[in-house]
Amino acid sequence: MAVILPQAVPVIDASTLIDWYVRAQRDLPWRRPGVSAWQILVSEFMLQQTPVARVEPIWLAWIARWPTPSATADAGAADVLRAWGKLGYPRRAKRLHECATVIATEHGDVVPDDVDTLLSLPGIGTYTARAVACFAYGKRVPVVDTNVRRVVARAVHGLPDAGSPSTRDLADVEALLPDDETAPQFSVALMELGATVCTARSPRCGVCPLEHCGWRARGFPAGTAPAKRVQKYAGTDRQVRGRLLDVLRGKDSPVTRAELDVAWTVDTAQRDRALDSLLVDGLVEQTADGRFALCGEAD
DNA sequence: CATGCGTGGTA
DNA sequence: TTACCAAGCAT
């Protein structure tokens with residue numbers, strides 16, 4: 001029995017949430033004053049599917065070394081992949097490098113401030129485009145990540161967890177967004193609430209600042225959703241790719257096929273497939289004499 | 001729209 | 001220990 005009511009009053013009160021955020025926010029380096037739009041963009045790339053604690057040290061070193069898009073673009077792709085280290089999903093590093101190049105060459109070294117232009121850049125999708133427009137430029141646009149979707153699912157819809165991402169998510173958050181210049185702080189607060197209180201595993205409802213929560217009002221019904229299959233890692237092509245790339249990150253000159261082969265001996269067909277996919281992705285390249293290196297090693 | 005893509009911390 | 005999870009994107 002879905003209850004359809006016009007939402008004259010947002011379920012989540014903006015000033016209540018913002019007051020909580022001012023008090024409870026984590027001191028994250030990319031939120032500090034003086035951080036540029038590019039540096040915020042870099043943090044968003046790194047935070048795509050990677051926990052804050054692992055991003056922090058890499059981000060600090062990264063922006064000290066390459067503070068602007070052009071500085072990043074001028075770096076070699078191989079060094080960028082090395083600096084990315086073991087953050088995971090190294091295609092993000094390649095796309096960040098490409099993104100820096102486009103911004104440096106086509107946008108005068110200035111990060112675009114509108115969602116549509118941001119969306120056209122490599123590695124930037126619906127979340128990151130909005131996060132940059134909002135957090136770097138103060139634009140009043142809904143910012144919807146997995147944390148926000150979970151908080152909205154619970155507080156607004158009374159569900160235990162978010163469903164599949166849909167275009168509906170944007171409208172939900174748009175309806176909650178304050179009309180004034182506090183919108184960006186509302187968005188970062190909503191994300192922070194999902195990241196630190198309204199968490200996926202064991203939400204800390206005892207310290208939640210929200211006055212109304214649909215999920216709580218309904219007595220915290222359990223999820224009936226047949227949870228999405230959890231991703232395997234051990235023994236997958238992803239693990240093999242990681243091993244191969246780890247070998248190459250540790251070398252500053254091309255390595256022989258034999259040196260790569262020892263990184264994965266369990267299944268040689270799988271190893272060959274992984275190496276081929278790295279070549280296809282442009283993360284690894286083959287030299288004229290048949291050896292292998294991180295892409296752009298010679299540049 | 002489902003799937004592939006890294007890595008390491010925590011329960 | 002296994003299983004789950006962490007500010008998504010591209011195809």
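In what follows, every chain begins at residue 1, and chains take the letters A, B, ... in the order their sequences are listed.
- Applying the 4.0 Å criterion to OP1 and OP2 of B:dT7, one finds that A:R54 has every side-chain N and O outside that range.
- Sorted by first and then second residue, the salt bridge (Lys or Arg N to Asp or Glu O under 4.0 Å) pairs involving residues 24-36 of chain A (not counting sequence neighbours) are A:R26-A:E192, A:D27-A:R32, A:R31-A:E192.
- Residues A:S277 and A:R241 bring a donor and an acceptor atom of their side chains to less than 3.5 Å of each other.
- Residues of residues 242-250 of chain A that place a heavy atom closer than 4.0 Å to DNA chain B, in numerical order, are A:G242, A:R249.
- Listed by residue number, A:R95 are the residues of residues 84-104 of chain A with a heavy-atom contact under 4.0 Å to DNA chain C.
- Remark: A:P254 engages A:T287, A:R291, A:A293 in a side chain to side chain contact (heavy atoms under 4.5 Å, CB included) (not counting sequence neighbours).
- The side chain to side chain contact (heavy atoms under 4.5 Å, CB included) test applied to A:D13 returns A:S15, A:T16, not counting sequence neighbours.
- Among the nucleotides C:dA6, C:dA7, B:dG9, the one closest to the side chain of A:R31 is C:dA7.
- Residue A:R241 has its side chain nearest to B:dC5 when only B:dC5, C:dC5, B:dT7 are considered.
- Separation of atoms SG (A:C99) and CG (A:L41) is listed at 5.0 Å; rounding is to 0.5 Å.
- Among the protein residues, A:T146 comes within range of the sugar-phosphate backbone only, with heavy atoms under 4.0 Å from sugar or phosphate atoms but none that close to a base.
- With sequence neighbours left out, A:A93 forms a side chain to side chain contact (heavy atoms under 4.5 Å, CB included) with A:V80, A:L81, A:W84.
- Counting only residues at least two apart or on different chains, the salt bridge (Lys or Arg N to Asp or Glu O under 4.0 Å) pairs with a member in residues 83-93 of chain A are A:K86-A:D246, A:R91-A:D281.
- Checked against B:dC5, C:dA7, B:dG8, the side chain of A:V52 finds its nearest nucleotide in C:dA7.
- Note on A:V35 and A:L118: same hydrophobic cluster, where clusters join Ile, Leu, Val, Met, Phe, Trp and Tyr whose side-chain heavy atoms are under 4.5 Å apart, directly or indirectly.
- A:W264 pairs by the ring-ring contact (aromatic ring centres under 6.0 Å, His included) definition with nothing, not counting sequence neighbours.
- Under the ring-ring contact (aromatic ring centres under 6.0 Å, His included) criterion, A:W215 pairs with A:F220, sequence neighbours left out.
- B:dT3 and C:dA7 have their P atoms separated by 22 Å, given to the nearest Å.
- Partners of A:R273 according to the side chain to side chain donor-acceptor pair (under 3.5 Å) rule, which considers only residues two or more places apart in sequence or in another chain, are A:D237.
- Without hydrogens or angle criteria, A:R140 side chain to A:P178 main chain gives a donor-acceptor distance under 3.5 Å.
- Between the side chain of A:S277 and the base of B:dG4, no donor-acceptor pair under 3.5 Å is found.
- Across all strands, A:R149 comes closer than 4.0 Å to no nucleic acid atom at all (heavy-atom distances).
- Residues from residues 40-49 of chain A lying near DNA chain C, meaning a heavy-atom separation below 4.0 Å, are A:E44, A:L47, A:Q48, A:Q49 in numerical order.
- Contacts between residues 121-139 of chain A and DNA chain B, defined by a heavy-atom separation under 4.0 Å, are absent.
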